[in-house]
Amino acid sequence: MATRFYNTMTRRKEIFQPIESGKVRMYTCGPTVYNFAHIGNFRAYVFEDLLRRYLKFKGYEVIQVMNITDVDDKIIREANKAGQTIREFTRKYRDAFFEDIDTLGIERAEVYPAATDHISEMVGLISKIMDKGLAYRTDDGSIYFKVSEYPKYGRLAHLNVTDMKRGTRVQNDEYEKEELRDFALWKGWKAEDGPVCWETAIGKGRPGWHIECSAMSTKYLGNHFDIHTGGVDNIFPHHENEIAQSEAATGEKFVNYWLHCEHLMVEGDKMSKSAGNFYRLRELLDKGIDASAIRYVLLSTHYRQKLNFTFDKLEAAAKSITRLRDFKKSLDQPVNDGALQIDQIVEKYLRDFEEFLDDDLNISGALGSLFRCIHEINAFRESTPLTDRDVGVVSNFLDKVDSVLNVMNVSERTLSSEEQQLIEKRQKARAERNWAEADRIRDELLKRGIILEDTPSGTSWKRKIKT
RNA sequence: GGCGACGUACCCAAGUGGCUAAGGGAGAGGUCUGCAAAACCUUUAUUCACCGGUUCGAAUCCGGUCGUCGCCUCCA
């Protein structure tokens, strides 16, 4: 089975072929650490997590690099206002970022390079571009990339940038440059930058926005690597500029596959602070919403589809996960011996699961096949108990699938002694046929998010996934 | 103005030329239960925004209309 990805560069699905057999090198655009990340940011990171996990599922060795951008206009402004160095200012957001990705079950990348640790690499790259005569310096000490020298400019975004004259932001750009479309590789120091600057061979100042990704991807992945991802809003100008810089400097092709994930909307609208529908992950968690429900919502819509984040969806997600986990849990019960085998069912659906994901990460199809598999096994089990061997086969299947999804594993928090006592009290009440008391305690526990399940073999409990 | 995406049941969401239009949620019915809940089972679109066309055959291809949305210099 061949894995195919939609390549923004060619605007079509292409069979994925890594440069080095069995190994995938990918660069995923990471956070600018000037504030706590919002759920839109995490949609991109969850998408990248799915990509990474699936590549590993397929047997590839994955080398993922995700940048931490810790110097930019906003950071400089805020840090100076607070009288902190940019490192001091960004530390808590950087720590929060790592905490948040752990919370969402996002697997760590191999390298998280910070921009400020790679100034010399950037300077080296800029010097190389200048030596080739593809960049120029302005009076304020800034260095611009000369877009007219790079004929392929605009190929990724499919934009004709020659007659780009409307953008309102252009007016706000106080730097001088020869052509509107030229972009900064290096920004000369200005008084308002305060202490934030580097004295380098190319002058005193700080890097432009795009150069860090070119410099750091090259350092850790080489001049030419397999996959580069980000949100659709990065297509232009960020990724377009990266390509121009990198290919101009190295003379080699930069990236083979460009994957971009669509935006997240909230309750039908673009997420914005003024509309009051702006959510940071931490705010949702503070409301008591379960992280796995958030992960599921972000994960379960195809990455090239706009994702409308709603509270209804969180609820539906929580129930979907519950169904998966209940099924998994049901396998823990002791089983009889028998002669039945369900290998065929499992094999069929595992094949489906893989085929769907092979097709540009069709997660909806893949989840569909998972639920069908569960349903088929449940229906089968109604009449015929599974054998120990069957249970092993099914567990194996779930583990494999969950290595990609990462939604089924729960480390169930243990009960507090008070909760424990309540359950015991209810057991006693039930034994005494004191139903009113038993029901009262059951409601009490439910309020605490604990669901009791009375079965012929006794009473068990589980925590409700909160939304 | 330029470029592009999308419109499938009550909600979410796959499917992009031909098998019964996946799957999840919600609803209805059932099994279980002291009653519940949970779990599980059964069930829910003669039809894919609308109108034309191509084709033996279209949700799927082509043209048009309506609607929603994105990008066009520092936002994932």
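Labels below follow one simple rule: chain letters A, B, ... track the order of the sequence lines, proteins then strands, and each chain is numbered from 1.
In this structure, CD1 on Ile377(A) lies 6.5 Å from CZ on Phe397(A), to the nearest 0.5 angstrom. Between atom CD1 of residue Ile465(A) and atom OG of residue Ser292(A) there is a gap of 4.5 Å, rounded to the nearest 0.5 Å. How far CD of Glu178(A) is from NZ of Lys146(A): 4.0 Å, rounded to the nearest 0.5 Å.
Among the duplex regions that RNA chain B forms, those built from at least three successive Watson-Crick or G-U pairs under 3.5 Å are B:1-7 with B:66-72, B:10-12 with B:23-25, B:27-31 with B:39-43, B:49-53 with B:61-65, ordered by first number.
Atom CG in Asn234(A) sits roughly 9 Å away from atom P in C75(B) (whole-Å rounding). Nucleotide C72(B) holds its P atom 12 Å from the OH atom of Tyr153(A), rounded to whole Å. One interatomic measurement links the two molecules: CG of Asp454(A) to P of G34(B), which rounds to 9 Å at whole-angstrom precision.
Between the base of G15(B) and the side chain of Asp359(A) there is no donor-acceptor pair shorter than 3.5 Å. A donor and an acceptor atom never sit less than 3.5 Å apart when one is taken from the side chain of Asp326(A) and the other from the base of A38(B). With hydrogens and angles left out, the side chain of Arg442(A) and the base of C35(B) share a donor-acceptor pair within 3.5 Å.
Relative orientation of the Phe183(A) and Tyr153(A) rings is parallel, given thresholds of 30° and 60° on the angle between their planes. Note on ring orientation: taking the six-membered ring where Trp is involved, the planes of Phe225(A) and Tyr27(A) are tilted (angle from 30° to 60°).
Across all strands shown, Arg430(A) has heavy atoms under 4.0 Å from base atoms, whether or not it also approaches the sugar-phosphate. Counting non-hydrogen atoms under 4.0 angstrom, His302(A) reaches the backbone sugars and phosphates but no base. Using a 4.0 Å heavy-atom cutoff across all strands shown, Ser369(A) reaches no nucleic acid atom at all. Across all strands, Arg12(A) comes closer than 4.0 Å to no nucleic acid atom at all (heavy-atom distances). Nucleic acid contact for His238(A): none, since no nucleic acid atom lies under 4.0 Å from a heavy atom of the residue. Note on Gly40(A): a base of the nucleic acid sits closer than 4.0 angstrom, heavy atoms only. Among the heavy atoms of the strands lying under 4.0 Å from His263(A) is at least one base atom, whether or not backbone atoms are also near. No contact: Ile235(A) has no heavy atom under 4.0 Å from any strand. At a threshold of 4.0 angstrom between heavy atoms, the contacts of Asn378(A) are confined to the sugar-phosphate backbone, with no base atom among them. Nucleic acid contact class of Leu452(A) (heavy atoms, under 4.0 Å, all strands): base.
At G15(B), one or more side-chain N or O atoms of Asn362(A) fall inside 4.0 Å of OP1 or OP2 (strictly under the cut-off). Proximity of Gln305(A) to the phosphate of C12(B): no side-chain N or O atom is located under 4.0 Å from OP1 or OP2. OP1 or OP2 of U42(B) has at least one side-chain nitrogen or oxygen of His375(A) nearer than 4.0 Å. Residue Lys313(A) places at least one side-chain N or O closer than 4.0 Å to OP1 or OP2 of A13(B). Under 4.0 angstrom from either OP1 or OP2 of A37(B) there lies no side-chain N or O belonging to Lys462(A).
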Just the atom pairs and distances: protein N or O near nucleotides 25-28 of chain B's N or O, under 3.5 Å.
unit_1 : atom_1 : unit_2    : atom_2 : d
A26(B) : OP1    : Lys319(A) : NZ     : 2.8

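Remark: the backbone N or O of Thr116(A) is paired with a side-chain donor or acceptor of Asp70(A) at under 3.5 angstrom. Judged by distance alone, with hydrogens and angles left aside, the side-chain atoms of Arg4(A) form no donor-acceptor pair with the main-chain N or O of Asp360(A) at under 3.5 Å.
With centres under 5.5 Å and a plane angle under 30°, the ring of Trp435(A) is stacked against the base of G34(B).
Cation-pi check for Lys177(A) over Tyr144(A) is not met; the charged atom does not lie both under 6.0 angstrom from the ring centroid and within 45 degrees of its normal. The cationic atom of Lys13(A) (NZ for Lys, CZ for Arg) does not lie both less than 6.0 Å from the six-membered ring centre of Phe5(A) and within 45° of the ring axis.
Residue Arg43(A) has its side chain nearest to A76(B) when only U73(B), A37(B), A76(B) are considered. Ranking C41(B), A76(B), A36(B) by closeness to the Glu382(A) side chain, first place goes to C41(B).
Taking for each of Pro237(A) and Phe371(A) the nucleotide of RNA chain B with the nearest heavy atom, the 5'-most of the two is the partner of Phe371(A).
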